[in-house]
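Here the structure comes first, spelled out in structure tokens, and everything after it is commentary.
All residue numbers in this chain count up from 1 along the given sequence. Note that this is a predicted model, so its numbers are computed, not measured. Start at 1 and go down the list; that is how both ligands and their atoms are numbered.
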Amino acid sequence: MRTRIKNSISSGMAGSVCSVSGWARSVRSSKGICFIVLNDGSTLDGIQVVAEPILPNFGAICRIGTGTALTVTGILVASPASGQVWELSARSIEIIGAADDSYPLQKKRHTFEYLRSIAHLRPRSNTFGAVFRLRSKLAQAIHRFFAERDFLYVHTPIITSSDCEGAGELFRVTTLDALEPPLLEGTPDFGQDFFAQKTGLTVSGQLEGELFALSFGDIYTFGPTFRAENSNTARHASEFWMIEPEMAFADLAADADLAEEFIRYLCRFALNECSEDMTFFDKHIENGLIERIARVAEAHFARMEYSEAIERLQRSGITFAYPVAWGLDLQTEHERYITEQIVGGPTFILNYPKDIKAFYMRQNEDGRTVAAMDLLVPKVGEIIGGSQREERLDRLQLRMAELGIAKDPLWWYLDSRRWGSCPHAGFGLGFERLVMYLSGMENIRDVIPFPRTPRHCEF
Ligand code: 4AD
Ligand code: MG
């Protein structure tokens with residue numbers, strides 16, 4: 001039976017027989033012996049296989065290329081080489097799938113740009129092995145965090161008829177003929193479409209999540225979201241994953257407290273349970289990463305009013321590319337300046353002008369701001385966006401009318417304010433931005449298996 005290389009290394013006993021399968025990372029011969037580093041993705045380093053001429057297919061083994069799939073049965077022995085505890089003295093080696101020297105992942109270091117063009121193979125490299133192991137474990141840690149706090153996990157729909165953020169970034173879902181759609185007064189007649197209305201891919205599970213919070217108290221969603229936003233930055237993807245908790249009987253302060261506890265939990269988790277990969281990132285991706293994350297795991301996150309943030313940016317004396325003025329949204333350069341230079345750590349910005357935020361946020365008594373919060377972190381900028389929701393039916397309807405948002409398609413959302421409405425709040429954490437933050441990777445395309453960005457949807 002196949003043993004994972006990670007387990008054969010961690011629970012290895014000298015002299016025990018084990019059988020492992022994986023892909024050759026390197027092959028070299030020395031003094032009539034062939035050394036193969038075999039990796040099966042379970043761990044960063046893999047295991048060194050030692051093949052000697054006594055093997056019946058020794059000649060063929062010596063000629064295998066990097067990337068070859070092998071099954072090796074052998075005996076674990078203490079390794080005389082430095083940097084590894086065990087090696088596998090092979091008793092049999094079966095070549096399962098050959099790889100010749102046209103295999104694109106040869107030993108040399110490749111650029112991330114090049115590796116993106118071979119996204120079907122890059123998980124076999126050290127960096128992407130570490131990234132996707134971390135990503136997988138973090139997803140499980142997120143479920144664990146909410147399970148420990150009795151939050152209900154709800155699967156909100158992917159196809160939807162509502163644009164939660166109101167930014168018009170919905171990808172259309174339709175079965176109408178693109179070339180000759182049925183027309184009604186000169187425009188496509190979505191009444192004849194599959195769902196008999198205009199539909200798209202969800203930008204957020206929040207609106208449906210709120211309905212569940214108003215039934216179960218504390219809930220969260222964790223799923224893919226889609227935005228047809230034509231911004232080609234290192235932080236935006238057209239398809240990304242978002243975690244959205246929602247709490248009934250909670251206000252903005254409770255929302256920020258949960259977000260802080262959540263991020264700190266995930267920092268501790270990464271340090272404690274992904275230490276091999278975190279050490280790799282610290283060494284090869286961002287020097288000082290572990291120290292940075294360890295500090296955040298213990299830190300108290302700062303809280304700053306939007307108005308104060310604007311004043312401090314204006315007083316900074318820095319010339320930014322984008323203007324800074326009350327009423328304008330913060331750009332990544334501003335966000336990074338606040339969290340990196342002014343505060344020097346994670347920072348919540350609270351109570352934004354209502355005109356730059358979504359319709360559902362709770363209106364403050366000043367008449368010009370809403371109970372919104374963004375969590376900014378060094379390097380990444382905004383990692384979380386959230387708010388207390390407008391639970392007062394009349395206020396919500398007025399705001400929707402001001403923004404020209406039709407009431408009819410959101411009848412069900414308005415109903416939640418009609419019967420048993422209560423203060424509630426929630427936020428969205430961009431999963432890829434979290435993985436970037438914890439790994440030090442600087443481009444969102446390098447923390448999602450098969451990135452979708454404007455003009456790119458290969459694989
Ligand atoms: O700030 P956003 O747009 O908030 C919402 O969608 C709310 N409905 C969340 C809620 O209150 N339940 O998005 C939340 C987070 C951002 O802070 C960012 O981390 C991430 O989602 N995000 C993106 N990540 C990658 N690519 C994009 N295009 C992203 N847009 C937002
Ligand atoms: Mg946001």
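A perpendicular orientation is assigned to the rings of His155 and Tyr153, their planes being inclined by more than 60° (bins at 30° and 60°).
At least one heavy atom of Arg235 sits closer than 4.0 Å to an atom of ligand 1. The shortest separation from a heavy atom of Met436 to ligand 1 is not under 4.0 Å, leaving the residue out of contact. Not a single heavy atom of Tyr437 sits closer than 4.0 Å to an atom of ligand 1.
Side-chain contact of Gln331 with Tyr337: a donor-acceptor pair under 3.5 Å is absent, judged by distance alone. Thr369 and Asp366 are linked by a side-chain donor-acceptor pair at a separation below 3.5 angstrom, with hydrogens and angles left out of the test. Counting only N and O atoms by type, the side chains of His424 and Gln388 include no donor and acceptor under 3.5 Å apart.
Taking the six-membered ring for Trp and the full ring otherwise, the centers of Phe450 and His120 sit at least 6.0 Å from each other. Between Phe112 and His110, the distance separating the two ring centers is not shorter than 6.0 angstrom.
Which parts of ligand 1 touch His236 is read off a 4.0 Å heavy-atom cut-off, strictly below it: atoms 26 (N), 27 (C), 28 (N). The contact set between ligand 1 and Glu229, taken as ligand atoms under 4.0 Å from a residue heavy atom, comprises 28 (N). Against a heavy-atom cut-off of under 4.0 Å, Ile384 is close to the following atoms of ligand 1: 17 (O).
At a cut-off of 2.8 Å, Asp374 does not coordinate the Mg ion (ligand 2) through any N, O or S atom.
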